Peer 1: 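One structure coming up, written as structure tokens, with questions to follow.
As the structure lists them, so they are numbered: ligands from 1, and atoms in each ligand from 1. What you see is a predicted model, and the numbers here were worked out from it, not measured in a lab.
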Amino acid sequence: MTADLTLQIEENYSALSRAAARLVIRQLEEKPDSNLVFATGKTPLGMFDELAAAYQQGRISFENASLVELDDYYGIPLEDPRNLFNWLRRDFLDRVEFPLRNTARFLTDTSAPVEECARIEQFIAASGGIDLQVLGLGPNGHLGFNEPGSALDSGTRVVRLAPASLESSQRYWGEQPVPEYGLTLGLGTLAAARKTLLLVSGGAKAGILHKVLSSPLDPCLPATALHTFPDVLVLADREAAGALGD
Ligand code: PGA
């Protein structure tokens, strides 16, 4: 573990979500034009609810903020319900009136994915880099769609989703198949972010969280790249922290 990685354990998922939202609110107070990356998945949903409530109460404004999409499926229409930017809109962006002109989404229907990934990297560079990224932890230790085997210095690119990710993503989409390819910010791209918040909830993540925190850098376990990131807070609830010992 590097000196820059801190672990904070919260009693339960509600407390974790409130703590995460407080950190986002503080970030926006300190830098209203922050450039953000927010994961989709089930874990950040409570944080999105807290942020939407804070917005309703006038405690936060995203007026000057910008946002880059972390990852999305490749080869589906933009309006597909499985499109992850649409998910982010439903659960977060539209609820806080986030200015869409300040967002960069992956064009999931592009026929030129390499150029598309370069465009996203250019957006990040032009907006001064990522200030705060809120990430989730995959069951196989993936970060974004950086699956096992991803180079630690990888850039934004097209990837083939690992079987474990396809299986775990199936719970989002019911009968619809999970697309087999993804577009993702690379581990090298994420490593340049000024601050990282990793949210981990539930007993099903206890084993993988323990592995990530106790393993040295290992491309078979992409989240070990966090050990090289400059400022990381791992926010886990008690169940997720269950294998960490005292
Ligand atoms: P989850 O997904 O938040 O739905 O558990 C995390 C991930 O697979 O990255």
Side-chain angles (χ1 to χ4, degrees), residues 10 12-21 24 36-51 68-74 81-88 90-92 106 130 133-150 154 156-157 159-174 176-187 189-191 193 196-213 219-226 229 232-243:
E10 297 290 339
N12 52 38
Y13 179 66
S14 306
L16 175 145
S17 301
R18 283 195 299 277
V24 174
L36 306 167
V37 170
F38 286 171
T40 47
K42 298 281 185 197
T43 313
L45 295 179
M47 179 189 80
F48 291 155
D49 287 344
E50 293 290 333
L51 290 174
V68 183
E69 199 181 8
L70 171 64
D71 54 14
D72 211 323
Y73 298 115
Y74 176 51
R82 294 167 298 175
N83 183 294
L84 296 179
F85 191 77
N86 293 339
W87 180 346
L88 204 56
R90 285 191 298 273
D91 280 315
F92 172 61
F106 285 107
I130 300 166
Q133 56 194 4
V134 181
L135 307 178
L137 179 62
N140 59 353
H142 75 198
L143 278 188
F145 279 148
N146 290 286
E147 301 288 16
S150 296
S154 52
T156 298
R157 67 202 189 287
V159 292
R160 189 178 187 136
L161 301 190
S165 301
L166 292 171
E167 195 186 312
S168 109
S169 299
Q170 194 62 61
R171 71 203 144 109
Y172 308 144
W173 311 119
Q176 282 189 295
V178 180
E180 282 180 34
Y181 289 87
L183 299 154
T184 187
L185 301 188
L187 289 176
T189 315
L190 298 175
T196 301
L197 183 54
L198 182 77
L199 304 183
V200 195
S201 169
K205 298 274 175 78
I208 191 69
L209 179 61
H210 174 256
K211 238 169 139 180
V212 166
L213 293 184
C220 295
L221 208 50
T224 57
L226 289 166
F229 291 13
V232 181
L233 176 65
V234 177
L235 205 50
D237 61 18
R238 266 240 176 262
E239 288 188 353

Peer 1: For ligand 1, find each of its N or O atoms that sits under 3.5 Å from a protein N or O atom, and tabulate the pairs with distances to one decimal place.
Peer 2:
unit_1   : atom_1 : unit_2 : atom_2 : d
ligand 1 : 2 (O)  : Y172   : OH     : 3.1
ligand 1 : 3 (O)  : K42    : N      : 3.2
ligand 1 : 3 (O)  : T43    : N      : 2.9
ligand 1 : 3 (O)  : T43    : OG1    : 2.4
ligand 1 : 4 (O)  : K42    : N      : 2.8
ligand 1 : 4 (O)  : R171   : NH2    : 3.0
ligand 1 : 4 (O)  : Y172   : OH     : 2.6
ligand 1 : 5 (O)  : R171   : NH2    : 3.2
ligand 1 : 5 (O)  : K205   : NZ     : 2.7
ligand 1 : 8 (O)  : H142   : NE2    : 2.9
ligand 1 : 9 (O)  : H142   : NE2    : 3.0

Peer 1: Any side-chain donor-acceptor pair under 3.5 Å between R157 and T189?
Peer 2: no
Peer 1: With F145, which residues qualify under ring pair (Phe, Tyr, Trp, His ring centres under 6.0 Å), at least two apart?
Peer 2: Y73
Peer 1: Distance from S154 atom OG to L185 atom CG, nearest 0.5 Å?
Peer 2: 10.0 Å
Peer 1: List the atom pairs, donor and acceptor, that lie under 3.5 Å between side-chain atoms in residues 200-212 and the rest of the protein, sequence neighbours left out.
Peer 2:
unit_1 : atom_1 : unit_2 : atom_2 : d
S201   : OG     : D237   : OD2    : 2.7
K205   : NZ     : L137   : O      : 3.0

Peer 1: Which word best sums up how the rings of F48 and F38 line up, parallel for under 30°, tilted for 30 to 60°, or perpendicular for over 60°?
Peer 2: tilted
Peer 1: Please name all residues satisfying side-chain hydrogen bond (donor to acceptor under 3.5 Å, both in side chains) with T43, sequence neighbours left out, ordered by chain then number.
Peer 2: none
